[in-house]
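What follows is a single structure, written as structure tokens, with notes after it.
Every heavy atom of this structure was used, including side-chain atoms; hydrogens, water molecules and symmetry mates were not.
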Amino acid sequence: MYNVQIKGKIIEQVKDVAKEAGAFIRLQRQDFSPDKVETKGTHDYVSYVDKEAERLIVERLRKVLPEAGFLTEECTTVDDVQHEYVWVIDPLDGTTNFVHGLPPYCVAIALRKGREILLGVVYEVVNDELFWAYQGGGAYLGEQPIRVSNEQHLNDALLCFGFPYNVEAWSPVMQRIVRDFYGHCASIRNLGSAETELCYVACGRFDGYVESYLKPWDVAAGSIILQEAGGMVTDYQGGNQWMDGQQVLATNSVLHEELRQKLTLTF
């Protein structure tokens with residue numbers, strides 16, 4: 001049942017849900033006020049927009065696959081443990097960007113079976129870009145297939161390093177990253193939206209992406225899009241313990257081992 005539906009009905013429905021949530025976010029941004037922002041942690045923000053977008057997504061997805069559970073950033077529901085299939089949702093990845101009116105920020109939805117990611121949809125709201133993939137079906141931006149870059153030299157690679165909220169742990173690492181990579185690659189960027197950054201590796205805008213201290217909903221959707229586009233994602237040891245988001249190394253595959261080894265020396 002699932003294999004038949006995923007190639008048609010389910011993926012199309014999920015794309016529609018992501019775009020509907022994105023339209024809601026876009027509308028709310030028009031008169032959004034900073035006094036509507038709450039703080040979850042140091043410099044970690046949330047607003048009613050995150051929460052309402054998540055409620056909308058959960059409500060719609062319950063109808064798409066009623067037997068599935070949910071793992072969501074804003075804890076609209078926590079009924080994932082007893083389910084074979086689990087939706088992994090970030091209703092607004094890049095909240096700090098959203099608060100400041102700065103792109104990118106996105107809606108991210110993935111469907112997981114155990115530890116296996118079956119599909120992913122990332123809708124970048126500001127640029128109206130819909131990235132999506134399902135297992136074995138390739139990766140797309142809108143209706144156009146996408147592929148990772150073919151950059152083979154780290155010296156010419158455009159890399160993205162995330163700035164996690166765990167400042168105390170990451171600040172000394174960031175200093176070493178600047179020391180070891182600044183001037184030794186094409187350049188370094190940080191966009192502030194992990195799911196978008198993974199998609200940018202998937203379509204060749206970045207050649208590699210590194211971040212720590214993320215959560216499953218920060219990486220689930222973007223990772224399958226990246227993999228279906230020919231990219232690779234691992235933890236810093238080259239293993240598969242990246243799905244919890246604590247260590248994420250994503251590349252065009254060609255640069256993966258070279259970048260991983262250089263990171264090992266940096267960390």
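Nearest approach of Gln135 to Ile117, heavy atoms of both residues: NE2-O, 3.6 Å. Of all heavy-atom pairs spanning Ser253 and Gly230, the tightest one is OG-O, 2.8 Å. Phe70 and Ile89 make their closest contact through CD2-CD1, 3.6 Å (heavy atoms, listed as atom of the first residue, atom of the second, distance). For the residue pair Ala250 and Leu198, the shortest heavy atom distance occurs at CB-CD2, 3.5 Å. What you find for Leu71 and Pro216 is that their closest heavy atoms are CD2-CB, 4.0 Å. Of all heavy-atom pairs spanning Ile224 and Tyr134, the tightest one is CD1-C, 4.2 Å.
Proximity of Leu214 to Val248: side-chain heavy atoms (C-beta onward) are separated by under 4.5 Å at one or more points. Inter-residue side-chain proximity for Val86 and Leu111 is flagged as unmet; no heavy-atom pair is nearer than 4.5 Å. Two residues are said to be in side-chain contact when any heavy atoms from C-beta on lie closer than 4.5 Å; Pro145 and Tyr140 meet this criterion. Contact check for Tyr48 versus Gln28: side-chain heavy atoms found under the 4.5 Å cut-off. Looking only at side-chain heavy atoms (C-beta outward), Phe206 and Arg189 come within less than 4.5 Å of each other. At a threshold of 4.5 Å between non-hydrogen side-chain atoms, the residues Glu67 and His83 do not count as touching. Counting only heavy atoms from C-beta outward, the side chains of Leu130 and Val121 approach each other to under 4.5 Å. Put simply, the side chain of Val201 does not reach to within 4.5 Å of the side chain of Thr251, judged on heavy atoms.
Residues meeting the salt bridge (charged side-chain N to carboxylate O under 4.0 Å, His left out) test with Glu59, sequence neighbours left out: none. Residues meeting the salt bridge (charged side-chain N to carboxylate O under 4.0 Å, His left out) test with Glu52, sequence neighbours left out: Arg55.
At least one donor-acceptor pair closer than 3.5 Å links the side chain of Glu151 to the backbone N or O of His153. Between the side chain of Asp93 and the backbone N or O of Asp90, no donor-acceptor pair lies under 3.5 Å. No side-chain donor-acceptor contact under 3.5 Å links Trp132 to the backbone of Val122. In this structure, Asn252 contributes its side chain and Leu255 its backbone to a donor-acceptor pair below 3.5 Å. When atom types are taken as modelled, the side chain of Arg176 and the backbone of Leu263 share no donor-acceptor pair closer than 3.5 angstrom. The backbone N or O of Tyr105 sits nowhere less than 3.5 Å from a side-chain atom of Asn97 that would complete a donor-acceptor pair. Side-chain atoms of Ser193 never come within 3.5 Å of backbone atoms of Pro104 as a donor-acceptor pair (strictly under, hydrogens ignored). Using modelled atom types, one side-chain atom of Gln247 and one backbone atom of Tyr236 make a donor-acceptor pair closer than 3.5 Å. With hydrogens and angles disregarded, no donor-acceptor distance shorter than 3.5 Å links the side chain of Ser187 to the backbone of Leu158. Side-chain atoms of Asn240 never come within 3.5 Å of backbone atoms of Thr234 as a donor-acceptor pair (strictly under, hydrogens ignored).
Atom CG of Leu154 and atom CG of Leu159 lie 6.0 Å apart (nearest 0.5 Å). The CG atom of Asn190 sits 5.5 Å away from atom SG of Cys160, with the distance rounded to the nearest 0.5 Å. To the nearest 0.5 angstrom, Phe181 atom CZ is 7.5 Å from Ile188 atom CD1. The structure places NZ of Lys15 at 15.5 Å from CD of Glu20, a figure rounded to the nearest 0.5 Å. With rounding to the nearest 0.5 Å, the separation of CG in Leu191 from CZ in Phe163 is 10.5 Å. Rounded to the nearest 0.5 Å, atoms NZ (Lys19) and CG (Asp128) are 6.0 Å apart.
Under the side chain to side chain contact (heavy atoms under 4.5 Å, CB included) rule, Arg60 has a single partner from Val17, Val14, Asp16, which is Val17.
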**Study point:** side-chain contact (heavy atoms from CB on, under 4.5 Å) evaluation trace for Phe24 with Val49
**Key:** CA-CA 8 Å; Phe24 167 76; Val49 179; 4.1 Å; yes
Review point. So Met243 and Arg115, side-chain contact (heavy atoms from CB on, under 4.5 Å) or not? Walk me through it.
Key: CA-CA 8 Å; Met243 289 184 66; Arg115 298 278 291 176; 3.6 Å; yes
**Study point:** Intermediate values then yes/no, ring pair (Phe, Tyr, Trp, His ring centres under 6.0 Å), Phe98 and Phe32
**Key:** CA-CA 9 Å; Phe98 171 82; Phe32 186 80; 4.9 Å; yes
Practice item. Any chance you could lay out the side-chain contact (heavy atoms from CB on, under 4.5 Å) test for Asn155 and Cys185, step after step, and finish with the verdict? Key: CA-CA 4 Å; Asn155 190 58; Cys185 62; over 6 Å; no
Practice item. Verify side-chain contact (heavy atoms from CB on, under 4.5 Å) between Val58 and Thr72, making sure each step is shown before the conclusion. Key: CA-CA 9 Å; Val58 168; Thr72 64; 4.1 Å; yes
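At least one test fails for Arg112 against the ring of Tyr85: distance under 6.0 Å to the centre or angle within 45° of the axis.
Residues Tyr200 and Tyr209 keep their aromatic ring centres 6.0 Å or farther apart.
Cluster annotation: Val233 is not connected to Ile109 through the hydrophobic network of ILVMFWY side chains, with a link wherever side-chain heavy atoms come within less than 4.5 Å.
Residues in residues 208-237 take part in no salt bridge (charged side-chain N to carboxylate O under 4.0 Å, His left out) pair, two or more places apart or across chains.
Salt bridge Glu257/Arg260: present, at least one basic N to carboxylate O contact under 4.0 Å.
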